[in-house]
Structure formats: C-alpha cells, structure tokens
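Sharing a structure here in structure tokens format.
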Amino acid sequence: MPVHRSARSGLARIPALTTAAAVLLAVLALPRAAVADGAAPTVPPRGSAHMGMGVVAHDGQGGLPTARSTQTEGVDVSSHQGNVAWPTLWNSGVRWAYAKATEGTYYTNPYHSQQYNGSYDVGMIRGAYHFATPDTASGAAQADYFVDRGGAWSADGRTLPGVLDIEWNPYGDACYGKSPTAMVSWIRDFLDRYRARTGRDAVLYTATSWWTQCTGNYAGFAPTTPLWIARYASTAGELPAGWSAYTMWQYTSTGPTVGDHDRFNGTPDLLRTFAAG
C-alpha cells in the first residue's frame, strides 16, 4: 500500500493528539480506493451453498406475509444450522421440513441425518434437497448422487419428494456459464433422472428473476413439476412462466430458530396427501 505522506505530515503537526489517535486519523484519511483496491471478491467454499443464498443480494427483501390458516408452516436447513432444535420448531407450529442432502457430485451434508431424522421424530413431514451446480456434472449424474445420498422418496405419507434447488451460482457466473437452452436441457436431465429413479416428480426451487435470466423464463416444466418459489416479501409475487400457483414459498431467511421459513400452499391434510403422492 502506498504511503500517503501528506496525511502523515499533517498528523505530525497536531501535538495534542496521542499516538493512538494519530494512527486512527491517518487510517481514516486514506482514500477509500486505497483501502479497497486489490481486494478480491469473497467466494464461498464448495459445499457451503444453501437455499436462498442469493435471494437478498439479487431480489432484496420486504415485509413478512400475514398468517393464513390455509397454509402450513415449514423450514429448510443445511449444515449452516448444525443440529436443529426440532422440538422447539414443532412447538412453534412448524409441520414440515427440508434438509440439504447434497451439492453437485462432491458434497454431502454432515448434519443431514440429525436434520432429516430429527424432524421426522418430532412428527414433521420431511424431505431432502439438492443444490445444483450445472457447471460441474450432468443433471443425471447429480440426480443419481442425490438419490443415493438421502434424496430418495417413499410413499409413506411422511416423506416429501426431493427438491432441485436451482438458483444463482455462489461460486461464479450466475447461470453457471450456460445459455438458456443449455440450462433447460440440464434441468430436464436432472428431473427425468429423478423421476426414473424414484417414480416421483421432483420439486423445483427457484426465484422468478433467476429463472427468467437463466432459462429465458421457460414454461415447459410447469405441468408436472411442483414449484417452490423464493421471495422474501409479503407476497410471493410474479411466478415463473407456466405456473399459476406455487406449492411452497420460502418467504424469509430471518425466521425463528433456523432462519429460513416457508409456507406450503395448503392445509396439513393437503400436505400429507402431497407427500404420499
């Protein structure tokens, strides 16, 4: 860092200042660019991504929705939450949960067992999600990795279908270096493979702005793919093309106990029906 002699010599002419105060003023006198120049943007380590990681940065956040008796409260968690206090969440009215299982073909959540089984043990309906990294492996390969490591589905009425979390790339280019056509093909590859492995259509988690940017607002998945929309506001807002309603809505990242809170667009009875397939 270059020495700013004018700032240092100015401080030397103020005898009343203590040494500590002089140093502080010298730092404050440096131009902002001198402090910031050369600082590389922080890239998180692989495996640390989680649902909604880019929502606030790209879409902002607004108020909270009002309570609705026709919707059912849920949460989503990852390794960031560690061992979750599931009894606390159950007592607060949370009735369903998703836990991150995998990312790409290189990461499994070390807390997945406590999160996936712990939510089940207190009575919740639960499922698993996969954070997609379309620039590291094919959709089919990632679907296999997910199913083999906690993302499978069973028709027991307590297991929700797996989720493809497809959103901003926290490690680089927002669209993972793919054109809209290539991105749609990658997503189809994942969804088709998940259906072939489990007999169930996966849920698709995304934000409308990302979907528009990175798939060209493709509408073709809507007839068979349940939508989990990400928007931190008092309403879910505009949905991606093709969907007239959402199945789930992640509405905040600052909720009680775990941060990420969600709504299932139906009663607990409808949630159980959805889980059973």
Side-chain angles (χ1 to χ4, degrees), residues 43-44 48-65 71 73-78 80 96-100 103-104 127-135 139 142 146 160-188 190-191 201-222 224-255 258-265:
V43 177
S48 64
H50 56 87
M51 271 189 173
M53 193 168 183
V55 172
V56 173
H58 291 88
D59 288 347
Q61 58 185 332
L64 296 174
Q71 294 188 326
E73 188 76 5
V75 295
D76 59 90
V77 296
S78 67
H80 294 275
W96 60 277
Y98 270 95
K100 180 182 178 182
E103 177 179 319
Y129 79 84
H130 174 80
F131 192 95
T133 55
D135 57 341
Q142 293 195 34
F146 176 46
L160 292 159
V163 173
L164 173 62
D165 177 0
I166 185 79
E167 56 178 296
W168 297 277
N169 179 9
Y171 310 119
D173 176 72
C175 300
Y176 301 86
K178 293 190 176 296
S179 68
T181 299
M183 182 62 75
V184 168
S185 178
W186 190 96
I187 294 169
R188 181 180 293 110
F190 183 100
L191 296 176
D201 288 305
V203 176
L204 192 146
Y205 169 98
T206 196
T208 300
S209 61
W210 182 91
W211 191 257
T212 301
Q213 176 187 357
C214 297
T215 74
N217 209 16
Y218 180 73
F221 298 126
T224 58
T225 308
L227 174 67
W228 189 346
I229 194 68
R231 186 168 187 261
Y232 301 165
S234 58
T235 67
E238 180 182 3
L239 302 180
W243 282 278
S244 59
Y246 61 84
T247 299
M248 299 163 182
W249 169 26
Q250 186 190 54
Y251 66 87
T252 186
S253 61
T254 58
V258 295
D260 290 355
H261 275 246
D262 311 270
R263 297 272 179 88
F264 175 79
N265 197 14

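Sequential numbering from 1 along the given sequence is applied to the chain's residues. Computed from a predicted structure; not experimentally measured.
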Practice task
Kindly give the heavy-atom pair with the smallest separation between Thr215 and Pro180, and that separation in Å.
Solution key: C-CB, 3.6 Å
Handout entry: Centroid separation Trp249 to Trp243 less than 6.0 Å
Key =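 Distance test on ring centres: not under 6.0 Å, no.
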Exercise for the section: Scan side-chain atoms only and decide if Glu73 and His261 contain a donor-acceptor pair under the 3.5 Å cut-off. Expected result: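 Per modelled atom types, Glu73 and His261 side chains form a pair under 3.5 Å.
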Practice task
For Asp201 and Thr225, run side chain to side chain donor-acceptor pair (under 3.5 Å): C-alpha distance rounded to whole Å, both residues' side-chain angles, the deciding distance at 0.1 Å, then the answer.
Solution key: CA-CA 6 Å; Asp201 288 305; Thr225 308; 5.5 Å; no
Practice task
Examine the side chains of Asp262 and Trp228 and answer whether a donor and an acceptor come within less than 3.5 Å of each other.
Solution key: yes
Handout entry: Geometric class of the His50/His80 ring pair [parallel <30°, tilted 30-60°, perpendicular >60°]
Key =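 Taking His50 first and then His80, their aromatic rings stand perpendicular (interplane angle over 60°).
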Practice task
Answer yes if the side chains of Tyr246 and Arg231 hold a donor-acceptor pair under 3.5 Å, and no otherwise.
Solution key: no
Exercise for the section: Give a yes-or-no answer on whether the side chains of Ser209 and Asp59 include a donor-acceptor pair shorter than 3.5 Å. Expected result: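 Indeed, the side chains of Ser209 and Asp59 share at least one donor-acceptor pair under 3.5 Å.
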Exercise for the section: May I ask you to check whether Thr254 and Thr252 show a side-chain donor-acceptor distance below 3.5 Å? Expected result: yes
Handout entry: Gap between atom CE of Met53 and atom OH of Tyr171 - 0.5 Å precision
Key = 6.0 Å
Practice task
Taking the six-membered ring for Trp and the single ring otherwise, decide whether the centroids of His58 and Trp210 are under 6.0 Å apart.
Solution key: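 Between Trp210 and His58, which both carry aromatic rings, the centre distance is not below 6.0 Å.
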Handout entry: Exercise: identify the closest heavy-atom pair between Tyr98 and Ala128
Key =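 For Tyr98 versus Ala128, the nearest heavy atoms are CD2-N, 3.4 Å.
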Problem - Atom of Ala202, atom of Pro226 and distance for their closest heavy-atom approach - result: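 Residues Ala202 and Pro226, closest heavy atoms: O-CD, 3.5 Å.
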